[in-house]
Amino acid sequence: MAVITYRQALHDTLREEMLSDENVFLIGEEIGVFEGSYKITAGLLEEFGEKRVRDTPIAEEGFVGAAVGAAMLGLRPVVELMTINFSLLALDQIVNHAAKIYGMFGGQSSAPMVLRTPGGGGQQLGATHSQNIELYYAFVPGLKVVAPSTPADARALLKASLADNDPVLFLENLALYNTKGEVPEDAPPAEIGKAGVTRVGSDITIIGYSRMATVATQVADQLSEEGVSAEVIDLRSLRPLDRETLVESVRKTGCAVIAEDDWLTYGVGAEIAASISDGAFDYLDAPVRRVAAAEVPLPYAKPLERAALPSAESLNTAVRQTLEAVGHRR
Amino acid sequence: MSPEHWTRPSRPDERDRIADTAVPAATSATPTREQVIAGLRATSEGGADLVQLLTPEGQRVSHPDFDIDITDEQLRGMYRDMVLVRRADREGNALQRQGQLGIWVPLLGQEAAQIGAGRALRPQDMAFPSYREHGVAWCRGIDPTELLGIFRGTDHGSWDPNETGMGLYTIVIGNQCVNATGYAMGQKFEGKVGNSGDDAAANEATMVFFGDGATSQGDVHEGMVWASVYDAPVVFFCQNNQWAISEPTERQSRVPLYERAKGYGFPGIRVDGNDVLASLAVSRWAMNEARQGNGPLLIEAFTYRMDAHTTSDDATRYRMGDELEAWKLKDPIERLRVHLLREGIADQDFLDGVETEADELAARFRQFCVDMPDPPPERIFSAAYAEESPVVAAQREDYLDYLSGFADSGHDTEGSVR
């Protein structure tokens, strides 16, 4: 088992999949000669050539649309959108085409493709380049959305996404690329639509995905030193959403806090809270709390940006407040 | 011939011949010798249609369609413009390296294209920039220190577009082309275009700046479609600096970019973007046409990005030093300097004076940068809506209340907004 970065896990898995299936090809801006803005595709042009590593014109709608066409023909395109912010330029191809080809063609054709793209703020990239808008895609039937938080999940979910016969938006995160973790080389692909209980606990359930799943684990570790047993759930998949695992955990712990990097109102956490309310209402000892980004376009100045994003401190506070509320009731 | 090759536009009868000598496709981060040569050939010459009034050697040449009426004082002024703008640009780059700026977007090499275009604008005209238009900003009277906030991260742009006649920097590629078209349509609807007699001097037009990479974006296409069908008084000023980060222009187009205008039904001119006289002459002509109601028009300024795309980029990864060296011989400032001296329009004292002024600007620029305060935490909430929003107001109250709970409540933004 090797300890590698999230970035390396993505790179190695892409390479493996390209070696094992010649239908897999990469397409996107700056992914070839430049090796990708975040270097996920380093060396792949050299190894596989231009047929399978395509540098494209600066036209997102164009290359996502081209990938949809290629996927319909049986190829397995892996599209790199430099950041999820740029996916907005391809929204029509993703939402109106990739997601709908299967249904509107009566099941005669599908669009098996992977749209790899990083989200996340905290890099001082300004309001238009720092968004967490995966919800836009998680909202759309016909799409699948996965969000690995560890190198092992990055590998397992990328394999699963490539094997899947539907279009998958594969959410990466700028803050995770350099994080390290153990990656078992022979692990099977993940099951898309299955959340992970990444830490077992009994006092409270903390739910996160992508970067906030790692923050959740960090906070759970802090709290365990004070005798609090927190269970952490990493959603891994936003669509389909694994309601069963969430509900089961909250039925056990009786309370939950959701950590998300996106905006609160209508955010991913709202759907999770509603699911908990549906499935575990009688078990709840406190209102479900959400920790999310300030509801403003993300500030550019470093201290302001830091303040506007959810953090371990804000999650820790919300967990404590929830536990206090529970204590009063139990 | 595969479109994967570094193609140049060819007539059908040439294709077979070219196929034999076709350059192999790029297959690694290091270009092959053939690719370098092909790149040099493609990027160092603008072709027969290039409008040039000042050769790289500083020689004034005539052009059948474009001439320029310019005083010695204006010539010296444009030299000064370019030197000062380049100096601010180099300081910006250095400040980023010193950790004072988050990022800087170098202008180096594009001074002539921008100063020529910028000096063709009148106060009532409107300019829509991308994010590299430091030279245009200079011409609109925006002090270079005003650019610092965007790159230090204290704001997203601070000048007043109405007052300066220049929109704020646009980070998303090509967006501004549709905005500019809309603005120009507004100028026309408001009767500010095509007036004659006493009103002619008040006619307006819009100029929009974008790069070769942006020409692949849908927004640029749509901007051009709209501008043409509504006869909008807009001049599309494309600085073809040969590189969209790592992608050469060959990755964006099979035809020279100025020829695309034909497809939209308006004129397209390729100008030597390193020749400030040609840039000014063509821009003046185009803006006048637009003001008179004969827009839109496309100008392709054929130039070169002598530095990296931004300070986050390392251009040596994907292009060879030879190419840069070839372009250094076409330096926009050097050719005007030679011209001024050779023709006796300026003497060494003048050049020294400009240099001193550049040193002063550089010192002021650096000092301004390091003295910039962090914005107050209230700014997080004041930039969301023009009108008060109950959600944002509640967050602001909550957060300021939280901050005031600290003993040393100098409004340090310690925790996150909850």
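Here is the naming used below: chain letters follow the sequence lines, and residue numbers restart at 1 for every chain.
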- request: Give the minimum heavy-atom separation between A/Glu30 and B/Glu247, together with the two atoms involved.
  value: N-OE2, 3.1 Å
field: Option that, when pairs with chain A are counted at under 4.5 Å, heavy atom only, ranks first among B/Val172, B/Val392, B/Ile150
entry: B/Ile150
field: CD1-CG distance between A/Ile58 and B/Asp212, expressed to the nearest 0.5 angstrom
entry: 9.0 Å
message: Can you confirm whether more than 12 heavy atoms, excluding those of A/Lys39, are under 6.0 Å from its NZ atom?
response: yes
message: Tell me whether the count of non-hydrogen atoms from other residues, nucleotides or ligands lying under 6.0 Å of CD in A/Glu22 goes above 12.
response: no
Under 4.5 Å from any heavy atom of chain A - which part of B/Ala244: both
message: Is it the case that over 12 heavy atoms from other parts of the model lie below 6.0 angstrom from the CH2 atom of B/Trp159?
response: yes
- request: State the CG-CG distance between A/Leu89 and B/Asp219, to the nearest 0.5 angstrom.
  value: 6.5 Å
- line: Smallest heavy-atom separation, B/Ser246 atom then A/Phe34 atom, equals OG-CB, 3.2 Å
task: Could you list the residues that satisfy ring-ring contact (aromatic ring centres under 6.0 Å, His included) with A/His11, not counting sequence neighbours?
output: none
field: Nearest non-hydrogen partners of A/Ala301 and B/Thr154, listed with the distance
entry: CB-CA, 4.2 Å
query: Is there a side chain to side chain donor-acceptor pair (under 3.5 Å) between B/Gln217 and A/Glu61 once you walk through the steps?
result: CA-CA 8 Å; B/Gln217 285 284 0; A/Glu61 178 92 344; over 6 Å; no
- line: Correct closest heavy-atom pair for B/Tyr399 and A/Ala307 would be OH-CB, 3.2 Å
message: Counting heavy-atom pairs under 4.5 Å with chain A, which one of B/Ser216, B/Ser389, B/Ala214, B/Gly218 comes out on top?
response: B/Ser216
task: Against chain B, label A/Ala42 side chain, backbone, both or neither, depending on which of its atoms sit under 4.5 Å from a heavy atom there.
output: neither
message: Treating B/Arg251 as the side-chain partner and A/Asp55 as the backbone partner, does any N or O pair qualify as donor plus acceptor under 3.5 Å?
response: yes
statement: The reported gap from OG1 in A/Thr128 to CG in B/Asn175 (rounded to nearest 0.5 angstrom) is 8.5 Å
- prompt: Contact part of B/Ile173 toward chain A, heavy-atom cut-off under 4.5 Å: side chain, backbone, both or neither?
  reply: side chain
- prompt: What are the two closest heavy atoms between B/Pro377 and A/Leu304, and how far apart are they?
  reply: CA-CD2, 3.7 Å
query: Roughly how far, to the nearest 0.5 Å, is the OH atom of B/Tyr385 from the CD atom of A/Glu295?
result: 7.5 Å
